[in-house]
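Read through the structure below, which is laid out as structure tokens, and then see the notes.
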Amino acid sequence: MNVSRKNFLRTLGIGAGTLAGATMLPGFRPAPSSHSLTLGLASYTLREFTLDQTITMTKRVNLTHIALKSMHMPLESSESQIKTIAQKVRDAGLNLYGVGVIYMKTAEQVDQAFAYAKMAGVEVIIGVPNHDLLARAEEKVKETNIKLAIHNHGPGDDVYPGPDTVYEKIKNLDTRIGLCMDIGHTRRIGQDPSAMAKKYASRLYDIHLKDVDKEGKDGVPVELGRGIIDIPGFLATLQKIKYTGVVGLEYEKDGKDPMPGMAECVGYTHGVLDS
């Protein structure tokens, strides 16, 4: 698994241009892959696109699991609207497993988030509750049996910059409250995502998979394997700890034209896993 992106692509006999260009072919689908991890998509990746487009683009890169952000299923929607959207996603063959990231700054927003998730029929909320609202969130977890995976946002985030911060706040709470580790933000604060995954394996409920070009506030997203994160090592760690959640690609680069980068990331991930 200790393989550079350049050497990995050379081994396959392809280059980044081939992967990107393939997305333009009619009916393009990456080949099915067989491994122990479940890949999915954080729909924020497709924030510039409609729900219909998001469904089509997700399926086009052969991802079958998705967590919807509010631009694709608005928080303020009625129960019937939420259920209609959720059913539309599932009828298209996608597993709508989660929602978020949802920010919770008041008790009412905590209640709204869990009601929204329950109506959508999802397993997990990827959320950011204020520290003083964790007790309220724990009550809702117990009431609904919906997991809460708290998302870290890296440098400049005063609430949950890294996995350590999340765990310190939740370690004595219901075990259905855990982490959504964003490995890009984790690396930007100088922490090793693999080490964090091992450390908090028992409470790791969701992953935002991405790569960044450097540490610090100025680090920006890049295609998987082009940045400073050891993606093969991280995927190997997830397999070693027997991670059973979704590994959700959150490709934040190229918001208005994400398909080439998405396809490259998905192909790279499957290739690393299958190798």
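Atoms CG and OG1, on Leu39 and Thr64 in that order, are 8.5 Å from each other to the nearest 0.5 Å. The CE atom of Met119 lies 8.5 Å from the OG atom of Ser77; values are rounded to the nearest 0.5 Å. Between Thr38 atom OG1 and Leu63 atom CG the span is 11.0 Å, to the nearest 0.5 Å. Interatomic distance, His270 NE2 to Cys265 SG, rounded to the nearest 0.5 Å: 11.5 Å. Distance check: Glu138 CD to Asp174 CG gives 5.5 Å after rounding to the nearest 0.5 Å. Within the model, atoms CE of Met71 and OG1 of Thr54 stand 9.0 Å from one another, a figure rounded to the nearest 0.5 Å.
Tyr251 places no side-chain N or O within 3.5 Å of a backbone atom of Asp254 that could act as its donor or acceptor partner. Under a 3.5 Å cut-off, the side chain of Ser43 and the backbone N or O of Lys69 do form a donor-acceptor pair. Judged by distance alone, the side chain of Gln81 and the main-chain N or O of Ser78 form a donor-acceptor pair under 3.5 Å. Distance alone, capped at 3.5 Å, is enough to place a donor-acceptor pair between the Thr106 side chain and the Gln109 backbone. Asn130 places no side-chain N or O within donor-acceptor distance of the main-chain N or O of Asp132, the cut-off being under 3.5 Å.
Nearest approach of His208 to Ala42, heavy atoms of both residues: NE2-CB, 3.8 Å. Taking every heavy atom of both residues into account, Gln191 and Gly162 meet most closely at OE1-CA, 4.4 Å. Scanning both residues, Val99 and Ala117, for their nearest heavy atoms gives CG2-CB, 4.1 Å. Nearest heavy-atom pair, Met73 versus Ala120, reported as atom, atom and distance to 0.1 Å: CE-CB, 3.7 Å. Of all the heavy atoms in Val247 and Tyr243, the pair that sits closest is CG2-CE2, 3.8 Å. Counting all heavy atoms, side chain and backbone alike, Gly216 lies closest to Pro155 at C-CG, 3.9 Å.
There is a side-chain donor-acceptor pair under 3.5 Å between Gln53 and Thr50. With 3.5 Å as the limit, one finds no donor-acceptor pair spanning the side chains of Asp230 and Ser194.
For Ala197, the side-chain contact (heavy atoms from CB on, under 4.5 Å) partners are Met181, Leu204, Phe234, Thr237, Leu238, Ile241, not counting sequence neighbours. Residues meeting the ring pair (Phe, Tyr, Trp, His ring centres under 6.0 Å) test with Tyr200, sequence neighbours left out: Tyr167. Applying the side-chain contact (heavy atoms from CB on, under 4.5 Å) criterion to Leu94, with sequence neighbours excluded, gives Ile55, Thr58, Lys59, Ile66, Val89. Partners of Thr84 under the side-chain contact (heavy atoms from CB on, under 4.5 Å) rule, at least two apart in sequence or in another chain, do not exist in this structure. With sequence neighbours left out, the side-chain hydrogen bond (donor to acceptor under 3.5 Å, both in side chains) criterion links Lys83 to Glu79. Judged as a salt bridge (charged side-chain N to carboxylate O under 4.0 Å, His left out), and not counting sequence neighbours, Glu123 has no contacts. With sequence neighbours excluded, the residues that form a side-chain contact (heavy atoms from CB on, under 4.5 Å) with Val222 are Asp211, Asp213, Arg226.
Ile150 is listed as a side-chain neighbour of Ile177, based on a closest heavy-atom distance under 4.5 Å. Side-chain contact between Thr45 and Glu252: absent, with no pair of heavy atoms (C-beta onward) separated by less than 4.5 Å. Contact of the Leu224 side chain with the Leu209 side chain is registered, since non-hydrogen atoms from C-beta on lie closer than 4.5 Å. Contact annotation: the side chain of Val212 approaches that of Ile228 to within less than 4.5 Å [non-hydrogen atoms, C-beta and beyond]. Contact annotation: the side chain of Ile229 never approaches that of Thr186 to less than 4.5 Å [non-hydrogen atoms, C-beta and beyond]. For the pair Pro258 and Lys253, the minimum side-chain heavy-atom distance is 4.5 Å or more.
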Check the pair Leu179, Met196 against side-chain contact (heavy atoms from CB on, under 4.5 Å), reporting the backbone distance first and the verdict last. CA-CA 11 Å; Leu179 289 76; Met196 293 295 103; over 6 Å; no
Residue pair Ile102, Val128: steps toward the side-chain contact (heavy atoms from CB on, under 4.5 Å) verdict: CA-CA 6 Å; Ile102 301 176; Val128 182; over 6 Å; no
CA sep, side-chain torsions, deciding dist, call: Met262, Leu46, side-chain contact (heavy atoms from CB on, under 4.5 Å): CA-CA 10 Å; Met262 279 178 61; Leu46 301 173; 3.5 Å; yes
CA sep, side-chain torsions, deciding dist, call: Asn152, His185, side-chain hydrogen bond (donor to acceptor under 3.5 Å, both in side chains): CA-CA 7 Å; Asn152 62 289; His185 295 318; over 6 Å; no
Apply side-chain contact (heavy atoms from CB on, under 4.5 Å) to residues Ile183 and Ile231 and explain how you reach the verdict. CA-CA 10 Å; Ile183 70 169; Ile231 299 296; 4.0 Å; yes
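Every pair passing salt bridge (Lys or Arg N to Asp or Glu O under 4.0 Å) that includes a residue from residues 240-251 is listed here, sequence neighbours excluded: Lys210-Glu250. For residues 184-199, the salt bridge (Lys or Arg N to Asp or Glu O under 4.0 Å) pairs, not counting sequence neighbours, are Asp164-Lys199, Arg187-Glu215. Each ring-ring contact (aromatic ring centres under 6.0 Å, His included) pair with one or both residues in residues 83-141, not counting sequence neighbours, appears once here: Tyr103-His153, His131-Tyr160. For residues 39-83, there are no ring-ring contact (aromatic ring centres under 6.0 Å, His included) pairs, not counting sequence neighbours. Applying the side-chain hydrogen bond (donor to acceptor under 3.5 Å, both in side chains) rule to pairs touching residues 139-148 yields Lys140-Glu143, Asn145-Arg176, sequence neighbours excluded.
When the side chains of ILVMFWY residues are joined at heavy-atom separations under 4.5 Å, either directly or via intervening members, Met104 and Tyr205 end up in two distinct hydrophobic clusters. No continuous path of ILVMFWY side-chain contacts below 4.5 Å connects Ile189 to Ile207, so the two sit in separate hydrophobic clusters. The hydrophobic clustering, which links ILVMFWY residues whose side-chain heavy atoms are closer than 4.5 Å, places Val101 and Val159 together. Val220 and Leu249 end up in different hydrophobic clusters when Ile, Leu, Val, Met, Phe, Trp and Tyr side chains are linked at under 4.5 Å.
Each of Val124, Ile125, Ile126 was scored for a side-chain contact (heavy atoms from CB on, under 4.5 Å) with Leu148, with one residue passing: Ile125.
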